[in-house]
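Here is the structure we will look at.
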Amino acid sequence: MKQNGAEADNVSILNCIDLSSPDIHKSVSLLKQACLDSGFFYVVNHGISQEFMDEVFEQSEKFFKLPSNEKMKLLRNQKHRGYTPILDELLDPDTQVHVGDYKEGYYIGIELPEGDPENDKPFYGSNIWPEPDVLPGWRQAMERFHGEALEVAKAVARIIALALDLEVDFFDKPEMLGDPIAILRLLHYEGISNPSMGIYGAGAHSDYGLITLLATDDVLGLQICKDKDAKPQIWEYVAPLKGAFIVNLGDLLERWSNCIFKSTLHRVLGNGQERYSIAYFMEPSHNCLVECLPTCKSEKNPPKFPPIRCATYLSQRYKDTHADLNIYNKHQT
């Protein structure tokens, strides 16, 4: 396979889930097969129009093309809202021995007004927005996309519930996704990678939460490793699919399912071309207790993980992988 100048001999074949299909049994079967195999699958006919998807990508590109000093005015805060510069994130310290990821990003969460009592919790609060005169319509596009992606993620979670022999609305409970930590992240890769020197667009990692939705442009770059313990590891490309979300499972779902469904290792390998993608991380509510599901344990298969609060787990993972904000103090005015 050759795509946009990139040779890809090893491309993973993923199942495709049609969210408009009335055949829920087929959808559950395809999703379960995908979760047992690679932990990655496509979702199509999800309800977000291609026209609007294109608009969000255009708005994302406009932001990343701003001068560096303008972007640094919107540097991420302690709540993980705002801009993350190149090298800010280090996902695979064992391999990335010299530098972090060659990507820049922008975090957007669910907007909470000033004074809301929930603002005291990690990952909840107000977003950081570019000035309207700098990027007209930018905030409106991102808030709309955030809301529409949330509905797609909830629809996928319902199919996952059925695949785990749970009630369809299991994850819709107030303590689950009633008040979720749902994070939209715009991403821009410069196309720089040199595996022999530990340089990647994004180092090998698994995602932290329940599921991730990923929309990409048509530049190849995402790779998955179905068996992280294999020696050597075998990496396969995931081909972009126009209009689709690439969906993968996160660590909290692996814990919930007692490793029946696994959170798969993935990375981004640059090929000299710029690449844009939009990730939507669907995490449970702040106080959600993640513990082994009743359908995923037995006397012969006891729980492999102790219960843990969602915010506790996420806070530690973000702390482990992001630079200390103090290193950016020189940029602040």
Side-chain angles (χ1 to χ4, degrees), residues 12-17 19 27-44 46 91-92 149-150 152-166 168 170-172 176-177 180-185 202-216 222-230 233 235-238 241 244-268 277-285 288 290-293 295-297 301 303-305 308 310 313-314 317-318 321:
S12 188
I13 306 300
L14 303 183
N15 282 356
C16 191
I17 315 297
L19 288 189
S27 296
V28 170
S29 177
L30 285 170
L31 182 142
K32 188 168 187 175
Q33 183 184 51
C35 292
L36 294 172
D37 175 39
S38 67
F40 274 74
F41 51 92
Y42 297 110
V43 162
V44 297
H46 42 65
L91 292 168
D92 185 9
L150 179 60
V152 177
K154 287 183 175 180
V156 174
R158 293 181 190 113
I159 302 175
I160 290 173
L162 292 174
L164 290 170
D165 297 320
L166 301 165
V168 66
F170 178 84
F171 291 111
D172 287 323
M176 297 285 184
L177 297 178
I181 301 172
I183 302 171
L184 170 64
R185 193 179 190 193
H205 65 287
S206 58
D207 288 348
Y208 313 150
L210 180 63
I211 57 171
T212 302
L213 309 180
L214 182 73
T216 74
L222 176 63
Q223 294 184 319
I224 63 174
C225 176
K226 295 180 182 178
D227 183 0
K228 62 185 176 184
D229 297 319
Q233 290 178 336
W235 290 91
E236 300 175 335
Y237 279 100
V238 173
L241 183 61
F245 280 114
I246 300 165
V247 183
N248 65 282
L249 313 181
D251 296 339
L252 291 182
L253 186 56
E254 178 172 302
R255 295 176 74 105
W256 251 319
S257 70
N258 211 21
C259 293
I260 293 174
F261 290 173
K262 293 195 175 180
S263 179
T264 302
L265 209 58
H266 54 285
R267 68 186 186 188
V268 174
S277 65
I278 301 171
Y280 192 85
F281 302 104
M282 170 62 110
E283 332 290 28
S285 302
C288 179
V290 178
E291 56 185 338
C292 184
L293 296 168
T295 57
C296 298
K297 61 183 178 181
N301 186 31
K304 296 177 175 63
F305 305 99
I308 192 168
C310 174
Y313 185 81
L314 293 181
R317 291 299 302 271
Y318 273 81
T321 56

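Asp92 places none of its side-chain heavy atoms less than 4.5 Å from the side chain of Leu265. Between Leu164 and Lys32, every side-chain heavy-atom pair lies at or beyond the 4.5 Å cut-off. The closest side-chain heavy-atom distance from Leu210 to Leu177 is below 4.5 Å. Leu253 has its side chain within reach of Phe171: a pair of non-hydrogen atoms, C-beta onward, lies under 4.5 Å apart. Contact of the Phe261 side chain with the Leu36 side chain is registered, since non-hydrogen atoms from C-beta on lie closer than 4.5 Å. Two residues are said to be in side-chain contact when any heavy atoms from C-beta on lie closer than 4.5 Å; Met176 and Trp256 meet this criterion. For the pair Leu30 and Tyr42, the minimum side-chain heavy-atom distance is 4.5 Å or more. The side-chain heavy atoms of Leu241 and Ile246, taken from C-beta on, include no pair separated by under 4.5 Å.
The line from CG of Asn248 to NZ of Lys262 is 15.5 Å long, rounded to the nearest 0.5 Å. Here OG1 of Thr212 is found 5.0 Å from CZ of Phe281. Values are rounded to the nearest 0.5 Å. The distance from atom CD of Gln33 to atom CD1 of Ile17, rounded to the nearest 0.5 Å, is 9.0 Å. The NZ atom of Lys304 lies 9.0 Å from the OG atom of Ser257; values are rounded to the nearest 0.5 Å. Rounding to the nearest 0.5 angstrom, the gap separating the CZ atom in Arg255 from the SG atom in Cys296 is 14.0 Å.
Nearest approach of Pro180 to Ser285, heavy atoms of both residues: N-OG, 3.9 Å. What you find for Leu213 and Ala149 is that their closest heavy atoms are CD1-O, 3.6 Å. Closest heavy-atom contact between Phe245 and His46: CD1-CD2, 3.5 Å. The nearest pair of heavy atoms linking Ala163 to Leu31 is CB-CD2, 3.8 Å. The two atoms that bring Asp251 and Ser263 nearest to each other are OD1-OG, 2.8 Å, heavy atoms only.
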Fill in: Step-by-step side-chain contact (heavy atoms from CB on, under 4.5 Å) determination, Phe40 to Leu222
CA-CA 11 Å; Phe40 274 74; Leu222 176 63; 4.2 Å; yes
Discussion item. Assess the residue pair Phe305 and Cys259 against the criterion (side-chain contact (heavy atoms from CB on, under 4.5 Å)); give the C-alpha distance rounded to whole Å, side-chain angles, the decisive distance to 0.1 Å, and a yes or no.
Written reply: CA-CA 9 Å; Phe305 305 99; Cys259 293; 3.6 Å; yes
Item to complete: Test Phe170 against Ile160 for side-chain contact (heavy atoms from CB on, under 4.5 Å), laying out the working first.
Response: CA-CA 10 Å; Phe170 178 84; Ile160 290 173; over 6 Å; no
Item to complete: Take Val290 and Tyr313 through the test side-chain contact (heavy atoms from CB on, under 4.5 Å) and record every step on the way to the result.
Response: CA-CA 10 Å; Val290 178; Tyr313 185 81; over 6 Å; no
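Under 3.5 Å, the side chains of Glu236 and Ser12 contain a donor-acceptor pair of N or O atoms.
Salt-bridge check for Asp37 with Lys226: passed, with a basic side-chain N closer than 4.0 Å to an acidic carboxylate O.
Between the side chain of Asp227 and the backbone N or O of Asp229 there is at least one donor-acceptor pair closer than 3.5 Å. Looking only at distances, a side-chain donor or acceptor of Gln233 sits under 3.5 Å from a matching main-chain atom of Lys228. With hydrogens and angles disregarded, no donor-acceptor distance shorter than 3.5 Å links the side chain of Glu283 to the backbone of Ile181. Without hydrogens or angle criteria, Thr264 side chain to Ser38 main chain gives a donor-acceptor distance under 3.5 Å. At distances below 3.5 Å, not a single donor-acceptor pair connects side-chain atoms of Asn258 with backbone N or O atoms of Lys297. Formation of a donor-acceptor pair under 3.5 Å by the His205 side chain with backbone atoms of His266 is found in this model.
Val43 pairs in a side chain to side chain contact (heavy atoms under 4.5 Å, CB included) with only one of the listed residues (Leu19, Ile211, Asn15), which is Leu19.
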